Amino acid sequence: MSANATMEEFEALLAESFEIDTPVEGSVVKGKVIAIEAGQAIIDVGYKMEGRVDLKEFANPGEAPEVAVGDEVEVYLERVENARGEAVVSREKARREAAWDRLEKAYEDEERVEGAIFGRVKGGFTVDLGGAVAFLPGSQVDVRPVRDAGPLMGLKQPFQILKMDRRRGNIVVSRRAILEESRAEQRAEVISRLAEGQVLEGVVKNITEYGAFVDLGGVDGLLHVTDMAWRRINHPSEVLSIGQTLNVQVIKINKETHRISLGIKQLQADPWDAVEGSYPLGSVHKGRVTNITDYGAFVELEPGVEGLVHVSEMSWTKKNVHPGKIVSTSQEVEVMVLEIDSAKRRVSLGLKQTQRNPWEVFAESFPAGATIEGEVKNITEFGLFIGLEGDIDGMVHLSDLSWDQRGEDAIQNYRKGDVVQAAVLEVDVERERISLSVKALGEDSFSEAVDGVKRGSIITVEVTAIEDGGIEAEYNGMKSFIRRSDLARDRADQRPERFGVGDKVDVRVTSVDSKSRRLGLSIKAREIAEEKEAVQQYGSSDAGASLGDILGAALNKGD
């Protein structure tokens, strides 16, 4: 072998040894603890180099360091040598690098990691995950908010990694996710043992407006307020208290959401089974008003059985009034059963049916012709409304106010609050109407004046005025007008000026109109009637007598 060849081999071996013996800065290397002094461990990292590491770097938070001479450990080589000719190494950085590798794999595989809470920071806690420090938000500590996390400090327990960023050195973990998972497993196991219809013992954990949550031993069920009792319950706290133990029946189990619906009333007899027998139609019962709405009032007949008194069945007289003005909550009332629908669990009740119809009562007490007295409640364009016994009204039509005045004029004499007397004309119970008359109580001057006078009667009147169109005449105080055409049979005599005021004239009554309170009078009609009568008495078709002879004979007989 030549000298040159030997040199080349030597250089290659040297270069190779340099490559082997020169460690890479910034990597994790293995070393051996050769001594422990002054709170530090001296570690031989090979390559004829030693490094020092503080003992505390070998300890978990809150624990004593676990290291002894002869232990083989991994350390992080920061620099190859310092001013003293030593390697600058870090056990903590080595643990962190190894931890990150391990945690990244666990994160990818969605596996749990073990760690211990060791400090409190703003918004949460710090967790040591065996070399790497993670952040545990306050909301991820437990299923329910935790007031004191002291008992959890330093305990080794599983966590779920929510997210991690190696470049920034951020890890966020959750303890709550683990608890929820185990809780879901426990819940699923308990639910698998439950069956609808099953009766269980439970403890009331929480009460809300709509119901209560009952712990069935590892799983909660909702007891809705409508399933607590057959009767109406306004708030669950009326019948339950937190911590109370009670028997419940499983009504429904939702396998997908794991929600359990519970009931208590299902363990008691359904009062509706006996409703039709206990409350026959038309029967009257006492009940208590439980709720009032715009459309009526609910009345409890017995616990669990409620009926509705519709607003139309509340009062005979108060038609457009809110039910709250007629009854009040908790009031005891008498009601009549009007209808029962067991399928829909509905009872229709009537309040007014337990009292007599006031129109029937009035009709019995005040038949047609009876006199009543009442206050004017209202004045309308067509008459007066008078308040009567039984909180009802009667109406006096304009035409029934006065004999002598027009209704429009007569109504001006009345004011609200006036007390008036009137006669009952008619009571219509079906239509709830009472017709009254004020004028019926007064004397009808027209009827009195024309008593015995009928169409065709001959009466004597006194002329009271002469006008162009005829004459005004009076009979027993009643004035009538005789038109020009009725003043005489002959047109030549139909002149008003033939008459003088105060003249007495015989006239024939052509009409008696009590509605317009007028007599129809005619002198012409009287003359024609007299002529007919004379012809009948004194003449015949074959006598040959003239009309003048007949009238002359009639007049002579009159003398």
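For the numbers below, each heavy atom of this structure counts, side chains included, while hydrogens, waters and symmetry mates do not. Throughout, residue positions are numbered sequentially from 1 according to the sequence presented. Source: prediction; values computed, not measured.
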Quick check against the 3.5 Å criterion: does [X] have a side-chain atom that pairs as donor or acceptor with the backbone of [Y]?
X: Arg491; Y: Ala488; result: no
X: Thr380; Y: Gly383; result: yes
X: Glu360; Y: Asn357; result: no
X: Trp359; Y: Arg431; result: no
X: Ser174; Y: Ala177; result: yes
X: Arg484; Y: Asp468; result: yes
X: Thr510; Y: Gly520; result: yes
X: Thr293; Y: Gly296; result: yes
X: Ser348; Y: Leu338; result: no
X: Glu432; Y: Val429; result: no

Roughly how far, to the nearest 0.5 Å, is the [atom2] atom of [Y] from the [atom1] atom of [X]?
X: Asn378; Y: Met395; atom1: CG; atom2: CE; value: 11.5 Å
X: Ile528; Y: Ser522; atom1: CD1; atom2: OG; value: 7.0 Å
X: Met228; Y: Leu262; atom1: CE; atom2: CG; value: 10.0 Å
X: Lys352; Y: Ser312; atom1: NZ; atom2: OG; value: 6.5 Å
X: Ile466; Y: Asp503; atom1: CD1; atom2: CG; value: 7.0 Å
X: Gln353; Y: Met336; atom1: CD; atom2: CE; value: 6.5 Å

Full working for side chain to side chain contact (heavy atoms under 4.5 Å, CB included) between Val311 and Asp294 = CA-CA 8 Å; Val311 63; Asp294 289 340; over 6 Å; no
Within a radius of less than 6.0 Å around [atom1] of [X], do more than 12 heavy atoms belonging to other residues, nucleotides or ligands occur?
X: Glu408; atom1: CD; answer: yes
X: Arg433; atom1: CZ; answer: no
X: Asp341; atom1: CG; answer: yes
X: Arg455; atom1: CZ; answer: no

Would you name the heavy atoms of [X] and [Y] that are closest together and state the gap between them?
X: Glu467; Y: Phe481; result: OE1-CE1, 3.6 Å
X: Leu487; Y: Gln494; result: CB-CA, 4.2 Å
X: Pro323; Y: Ile292; result: CB-CG2, 4.0 Å
X: Asn413; Y: Asp418; result: O-OD2, 4.2 Å
X: Ala297; Y: Val289; result: CB-CG1, 4.4 Å
X: Leu240; Y: Ile207; result: O-CD1, 3.6 Å

Salt bridge check, [Y] against [X]: does any charged N sit closer than 4.0 Å to a carboxylate O?
X: Glu364; Y: Arg356; result: yes
X: Asp486; Y: Arg483; result: yes
X: Glu462; Y: Lys504; result: yes

Can you confirm whether the side chains of [X] and [Y] place a donor and an acceptor under 3.5 Å from each other?
X: Thr290; Y: Glu300; value: no
X: Gln421; Y: Thr371; value: no
X: Glu334; Y: Thr354; value: no

Are [X] and [Y] close enough that some pair of their side-chain heavy atoms sits under 4.5 Å apart?
X: Val419; Y: Val376; result: no
X: Leu308; Y: Val347; result: no
X: Glu389; Y: Ser365; result: no
X: Leu521; Y: Ser480; result: yes
X: Val333; Y: Leu351; result: yes
X: Thr208; Y: Phe213; result: yes
X: Asp506; Y: Ile523; result: no
X: Leu222; Y: Ile260; result: no

Stepwise side chain to side chain contact (heavy atoms under 4.5 Å, CB included) check, Leu401 with Tyr414 = CA-CA 10 Å; Leu401 285 172; Tyr414 296 91; 3.8 Å; yes
ask   = Among Leu436, Ile379, Asp393, which one satisfies side-chain contact (heavy atoms from CB on, under 4.5 Å) with Phe385?
value =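 Exactly one option meets the side-chain contact (heavy atoms from CB on, under 4.5 Å) with Phe385, and it is Asp393.
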message = Under 6.0 Å between ring centres: does that hold for His285 and Tyr279?
response =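 Ring centroids of His285 and Tyr279 are less than 6.0 Å from each other.
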task = Apply side chain to side chain contact (heavy atoms under 4.5 Å, CB included) to Glu209 and His235, showing your working.
result = CA-CA 6 Å; Glu209 281 189 13; His235 196 279; 3.9 Å; yes
request  = Assess whether side chain to side chain contact (heavy atoms under 4.5 Å, CB included) is satisfied between Ile434 and Leu425, documenting all intermediate values.
outcome  = CA-CA 8 Å; Ile434 297 171; Leu425 294 182; over 6 Å; no
